[in-house]
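Read the structure below first, then the notes.
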Amino acid sequence: MSRPAPTTTLAGFEIFEGYLDGPAQAALVDDLREVARRAPFFAPRTRFGKAMSVRMTSAGRYGWFTDARGYRYIDTHPEGTAWPPIPEGVLAVWCDLVGAARLPDCCLVNYYGEGARMGLHQDRDEADFDWPVLSISLGDEALFRVGGKDRRDPTRSIWLRSGDVVVMGGDARLAYHGIDRIKFGTSTLLPQGGRINLTLRVVD
Ligand code: MD3
Ligand code: FE
């Protein structure tokens, strides 16, 4: 399959608007129900003791975690069970847009309920920044903010919608980014409303 062209590009940051159609989005949500059954969502606490408003779980060899000891990848769910495998339909998106030479080690699953947000941060807990991070948005619209490699660099904001896929490689890989807010109730994909974001990462 030839790689589709991004609908927007910006310094290593590629957006594929509407990459997944409605049925493909619904199929991924079904796969994620099974992931969440085996690895329930939890509210991580930062090393400052504050619970994050985003709930999380993971699939793959590693899952992302934070507690009093700080941010890191761990090889089991905090309850001690293995992380479930990354669903095939999720891996297919990675293979189409990044390639099949190396598969991701982690699929972080973020759930945003009403009022949830994610502050501006860099993703730098991975060993090799030459691999991009791929993000899949499902459910309600979200205001995504992206800046530069320095926290003080100017930022720009984009609405991400259900079915949009973003690939962050090259200069964008270490860019500061975050989710300012979601527009709760703008999608009917998730029965309870809210937004799920999947990020696929090569960890080690
Ligand atoms: C730009 N998630 O899980 S996805 C995260 O929508 C995270 O849940 C947001 O930031 C979300 O760490 C944004 C888009 C994204 C993900 C990783 C990136 C953008 C990125 C890594 C580097 C640069
Ligand atoms: Fe991030």
Report task. Could you give me the CA-CA distance, side-chain angles and deciding distance for I136 and Q25, then say whether side-chain contact (heavy atoms from CB on, under 4.5 Å) is met? Result -> CA-CA 10 Å; I136 302 175; Q25 294 168 38; over 6 Å; no
On a heavy-atom basis, the closest approach of D31 and P87 is CB-CB, 3.7 Å
Inset, instruction - Anything under 30° is parallel, anything over 60° is perpendicular, the rest tilted; go ahead and classify F42 against H77. - result: perpendicular
Worksheet item: So R124 and F129, side-chain contact (heavy atoms from CB on, under 4.5 Å) or not? Walk me through it.
Response: CA-CA 8 Å; R124 48 184 317 152; F129 302 131; 3.7 Å; yes
Going through the distances and angles, do R156 and V146 end up as a side-chain contact (heavy atoms from CB on, under 4.5 Å)? CA-CA 6 Å; R156 61 195 292 283; V146 60; 4.3 Å; yes
Can you check side-chain contact (heavy atoms from CB on, under 4.5 Å) on L32 and L138, steps first, answer last?
-> CA-CA 11 Å; L32 293 170; L138 297 167; 3.8 Å; yes
Does D164 reach the main-chain N or O of G18 with its side chain, forming a donor-acceptor pair under 3.5 Å?
yes
**Asked** Would a 4.5 Å heavy-atom cut-off, applied to side chains only, mark L198 and V93 as touching?
**Response** no
Is any side-chain N of the basic residue among R173 and D130 closer than 4.0 Å to the acidic one's carboxylate O? no
Tracing side-chain contacts under 4.5 Å among Ile, Leu, Val, Met, Phe, Trp and Tyr outward from L143 reaches W159
- Query: Are L160 and L120 connected, step by step, through hydrophobic side chains (Ile, Leu, Val, Met, Phe, Trp, Tyr) whose heavy atoms are closer than 4.5 Å?
  - Reply: no
In short, A142 meets I182 closest at the heavy-atom pair CB-CG2, 4.0 Å
field: Within-4.5 Å side-chain heavy-atom neighbours: H121 and H177
entry: yes
Answer yes or no: does atom CZ of R161 have more than 12 heavy-atom neighbours from other residues, nucleotides or ligands under 6.0 Å?
yes
In this structure, CZ of R195 is separated from OG of S162 (nearest 0.5 Å) by 9.5 Å
Side-chain H-bond candidate by donor/acceptor type, N197 with S135, under 3.5 Å | yes
Considering only heavy atoms from C-beta outward, does the side chain of E126 approach that of Y62 to under 4.5 Å? no
Closest non-hydrogen atoms of G194 and L190, given as atom of the first, atom of the second and distance, are O-CD1, 3.4 Å
Any donor-acceptor N/O pair, Q122 side chain to L174 backbone, under 3.5 Å = yes
- Item | Side-chain heavy atoms of S58 within contact of I74, under 4.5 Å | no
Does V167 offer a backbone N or O that forms a donor-acceptor pair with the side chain of E14 under 3.5 Å? no
Original post:
W83 side chain to T57 main-chain N or O, any donor-acceptor pair under 3.5 Å?
Top reply: no
| request: Could you check Y73 against D204 for side-chain hydrogen bond (donor to acceptor under 3.5 Å, both in side chains), going step by step and ending with a plain yes or no? | output: CA-CA 10 Å; Y73 285 96; D204 61 10; over 6 Å; no
Please list, one pair per line, the donor and acceptor atoms closer than 3.5 Å that link side chains of residues 106-115 to other protein atoms, with sequence neighbours excluded.
from	atom 1	to	atom 2	distance (Å)
Y111	OH	G193	O	2.8

Do the side chains of P85 and R38 get nearer than 4.5 Å, heavy atoms only? yes
#### Entry: Any side-chain heavy-atom pair of I158 and F13 under 4.5 Å
yes
Residues at least two apart in sequence or cross-chain that pass side chain to side chain donor-acceptor pair (under 3.5 Å) with D67, listed by chain then number, are R72
V166 and M168 have their tightest heavy-atom pair at CG1-SD, 3.2 Å
- Under a 4.5 Å cut-off applied to non-hydrogen side-chain atoms, are C95 and L103 in contact? yes
**OP:** Assert yes or no for the condition that the ring centre distance of W64 to Y71 is strictly below 6.0 Å.
**Re:** yes
Of all heavy-atom pairs linking A68 and R47, the shortest is O-CB, 3.5 Å
Result for side chain to side chain contact (heavy atoms under 4.5 Å, CB included) between P104 and one of I86, V203, V133, L134 points to I86
Smallest heavy-atom separation, P132 atom then W94 atom, equals O-CH2, 3.6 Å
**Report entry** pair M56-T66: side-chain heavy atoms closer than 4.5 Å
**Finding:** no
Taken to the nearest 0.5 Å, the spacing of R61 CZ from D75 CG works out to 9.5 Å
**Request:** Identify whether I179 and Y176 are in the same connected component of the hydrophobic contact network (ILVMFWY, side-chain heavy atoms under 4.5 Å).
**Result:** no
